[in-house]
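Inspection log for the structure reproduced underneath, given as structure tokens.
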Amino acid sequence: MMVGMAAGCMMSQSQQLCANRPAVSDGLCRSRLACRAMPHCSQRQPLPARRHTASPNVRSPLHLPSSASRGQLFCVELSRFNGPGVRRQNAYRGREVRALSDEQQKQHGHSQQQPHTTERPEMLQRLLQESVAAMAAVAVTVTTMVGPMLVAPMAAQAVLNSPNAKIARSAEVALRRSIPAQNAYVRDVQQRLEGIQFKLRIPQRKPWGAISDDAASASATMDATEKVLEGLPDGSSDAGRAVIADVQEGLRRLRAVIAMQDPGKVSFRVADVLRDVAELELLQAPGLPYIIPRDYVNLPHLTGRAVVEMTIEKADGSLSYVTDAGGGPQAQAQLTLVVDGYSAPITGANFVRNVVDGVYCGAKLKVDRGAVLAGGGAVPGRTIPLEQLPLGQFDLVYKSPLDVRGGELPVLPLSIYGALAMSHAPDEGVDLGLAAADEFFIYKFDRQSSGLSGLDFSEGEFGVFGYVTKGQELIAQLSNGDVIKSARLVSGGDRLVNAPSYITEKALSNSVMFGLH
């Protein structure tokens, strides 16, 4: 039906449109389908005449080539024109194959000596390909075909086009999944809550029974307090018990709103409980769950999370930033950056070191359509290896982009608005798998410019080390020439390893502001 409507629209165009199309070598317009449907076109090539039969069950019988057994007919419904509207049905549906005896052929008026032809199958194949291109990717269902006309993509190449690609879609989810939690009970609660979030995306009727079962199971698991506490380091028991109490209370409220069957309130409660679960997993995280390769073990690395607050101003000091909290235009933009050492220990440590060392103090921003860059040229000659952690693996990948088309996806994807990554090293750094040690960028991911699965086409080529978690609405308001006024390491200084002594001392002084004075 879609093909028919589209062809009808093309038929309604004036003759002038057809005349303006440049001709090709075979004398037809580039849009052959349109020309065949327009009787006034001077270059139109008429379709072959249909053979009409007396039987209503056999339409336009198409004889197989002479190599086929005599008496076999391949019935294909061809184009059908109904008046000036020109309703075009799917050109190649492969309706049915009939084997008729010689007597049946005589009854339908087909002579045994009728010459066979191989031109019409080729013509139909070419016509189908042209119509699909002209109609902007119309889906055609083919059940019986002459020759391989449609080729399905390989499974390894389908990840960029699959809407079911299992990759985080928000900074909160990506950071939560990157925590190397060891407690199986806490992980089970997280998975059940994420399962509720998935079920809430089902349109129309929600599976409230399954949602209620997931919440009840999560609540029962959290009631086993001593098992949930396993893995907490010494001295963190009290903090862990306080977080567990918050999770239990959140689950109780969640079950109450599930009974009301209100999707909006359930979604809000689930997100609230998941934040507490992530906090508990951070307390239980033992540090890096892998060994850094020998070539990079002496480089500074971050063995956990760090939080950086960055203050940005307009060069002229104007009031230009507007937050979601309201209050009118402001002179400063406050951004909170979470640096994840679990998935990017060397890259994260390099960024924290730069912040503590004042590298970005007074740096001017370079803003384009896709990113906000800062710090280029501040530390000339210094590079770090490109570093990424593939999803589902326990070994980091260095100096090599990920094979995203082959299904290798990063734990910290670039395809999230506000992703933090280091730029490629200048000169031959890209070929050598090196990243710049000074210039970082905030990525302004645009899903409308991505693949069908929502993945950026540069996914797997940059080492993401964190995300902007607060002040995301201000990223779009940053412009060329804006200045990083100050930066402050809020937490995570105790997770910095192998850094120069003066850097470590400054990092441990979380109350000190590193910026312009």
Side-chain angles (χ1 to χ4, degrees), residues 162-232 236-286 289 305 338 340 342-343 391-392 409 411-413 416 454 467 469-470 472:
S162 172
N164 297 320
K166 294 185 177 180
I167 190 168
R169 301 297 182 179
S170 68
E172 183 178 3
V173 174
L175 292 171
R176 183 173 65 244
R177 293 180 180 177
S178 70
I179 303 172
Q182 303 295 322
N183 191 300
Y185 294 93
V186 180
R187 179 65 69 179
D188 178 71
V189 171
Q190 175 183 329
Q191 292 175 350
R192 290 189 180 278
L193 292 174
E194 290 179 346
I196 293 176
Q197 286 185 324
F198 179 80
K199 294 180 179 69
L200 288 175
R201 296 202 297 266
I202 298 176
Q204 297 178 356
R205 295 188 61 182
K206 313 296 181 185
W208 292 112
I211 291 174
S212 180
D213 291 343
D214 286 339
S217 298
S219 182
T221 301
M222 289 303 302
D223 288 340
T225 305
E226 296 303 321
K227 293 182 178 180
V228 173
L229 283 173
E230 292 177 0
L232 278 175
S236 301
S237 178
D238 292 340
R241 290 181 183 277
V243 176
I244 290 175
D246 292 338
V247 175
Q248 291 173 338
E249 177 62 20
L251 287 172
R252 185 188 65 79
R253 295 180 179 180
L254 173 62
R255 297 180 68 180
V257 295
I258 289 176
M260 298 167 57
Q261 298 190 359
D262 187 329
K265 292 182 179 180
V266 172
S267 178
F268 175 80
R269 291 297 181 189
V270 170
D272 195 30
V273 177
L274 278 172
R275 278 190 286 270
D276 292 333
V277 171
E279 185 178 351
L280 179 59
E281 289 178 332
L282 284 174
L283 290 175
Q284 296 173 328
R305 290 274 171 84
V338 175
D340 185 52
Y342 296 122
S343 303
L391 193 64
L409 301 174
V411 173
L412 301 180
I416 293 177
Y467 299 96
T469 57
K470 291 183 180 179
Q472 288 186 346

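Each residue takes its place number in the sequence, starting with 1. All figures in this text were calculated on a predicted structure; none of them were measured in a lab.
- For the residue pair Arg305 and Arg176, the shortest heavy atom distance occurs at NH2-N, 4.4 Å.
- Across Ala168 and Pro413, no two heavy atoms sit closer than the pair O-CG, 3.7 Å.
- Annotation: side-chain hydrogen bond (donor to acceptor under 3.5 Å, both in side chains) contacts of Asp188 (sequence neighbours excluded): Arg192.
- Looking at residues two or more places apart in sequence or on another chain, you find a salt bridge (Lys or Arg N to Asp or Glu O under 4.0 Å) between Lys199 and Asp214.
- For the atom pair CD1 (Ile416) and CZ (Arg169), the distance works out to 8.5 Å, reported to the nearest 0.5 Å.
- Residue pairs meeting the salt bridge (Lys or Arg N to Asp or Glu O under 4.0 Å) criterion with at least one partner in residues 236-248, sequence neighbours excluded, are Glu226-Arg241.
- In this structure, Thr469 and Leu175 have side chains that are in contact, with non-hydrogen atoms separated by less than 4.5 Å.
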Verdict with supporting geometry, Thr225 and Gln248, side chain to side chain contact (heavy atoms under 4.5 Å, CB included):
CA-CA 10 Å; Thr225 305; Gln248 291 173 338; 3.8 Å; yes
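- Thr221 meets the side-chain hydrogen bond (donor to acceptor under 3.5 Å, both in side chains) test with no other residue; sequence neighbours excluded.
- Listed by chain and residue number, nothing satisfies the salt bridge (Lys or Arg N to Asp or Glu O under 4.0 Å) test with Asp213 (two or more places apart in sequence, or in another chain).
- Residue pairs satisfying the salt bridge (Lys or Arg N to Asp or Glu O under 4.0 Å) criterion with at least one member in residues 248-264, sequence neighbours excluded, are listed as follows: Glu249-Arg252, Glu249-Arg253.
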Under 3.5 Å, which donor-acceptor pairs link side chains of residues 201-208 to any protein atom two or more places apart or in another chain?
residue	atom	partner	partner atom	Å
Lys206	NZ	Leu200	O	2.9
Lys206	NZ	Ile202	O	2.5

For a side chain to side chain donor-acceptor pair (under 3.5 Å) check, start with the C-alpha distance between Ser343 and Arg177, then their side-chain angles and the critical distance, and finish with the verdict.
CA-CA 10 Å; Ser343 303; Arg177 293 180 180 177; over 6 Å; no
Less than 3.5 Å apart, which donor and acceptor atoms pair up between the side chains of residues 269-284 and the rest of the protein, not counting sequence neighbours?
residue	atom	partner	partner atom	Å
Arg275	NH1	Glu172	OE2	3.4
Gln284	NE2	Val228	O	2.6
Gln284	NE2	Glu230	O	3.4

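- At least one side-chain heavy atom of Leu251 sits less than 4.5 Å from a side-chain heavy atom of Leu254.
- Nearest heavy atom pair, residue Ser178 against residue Tyr342, reads O-CB, 3.6 Å.
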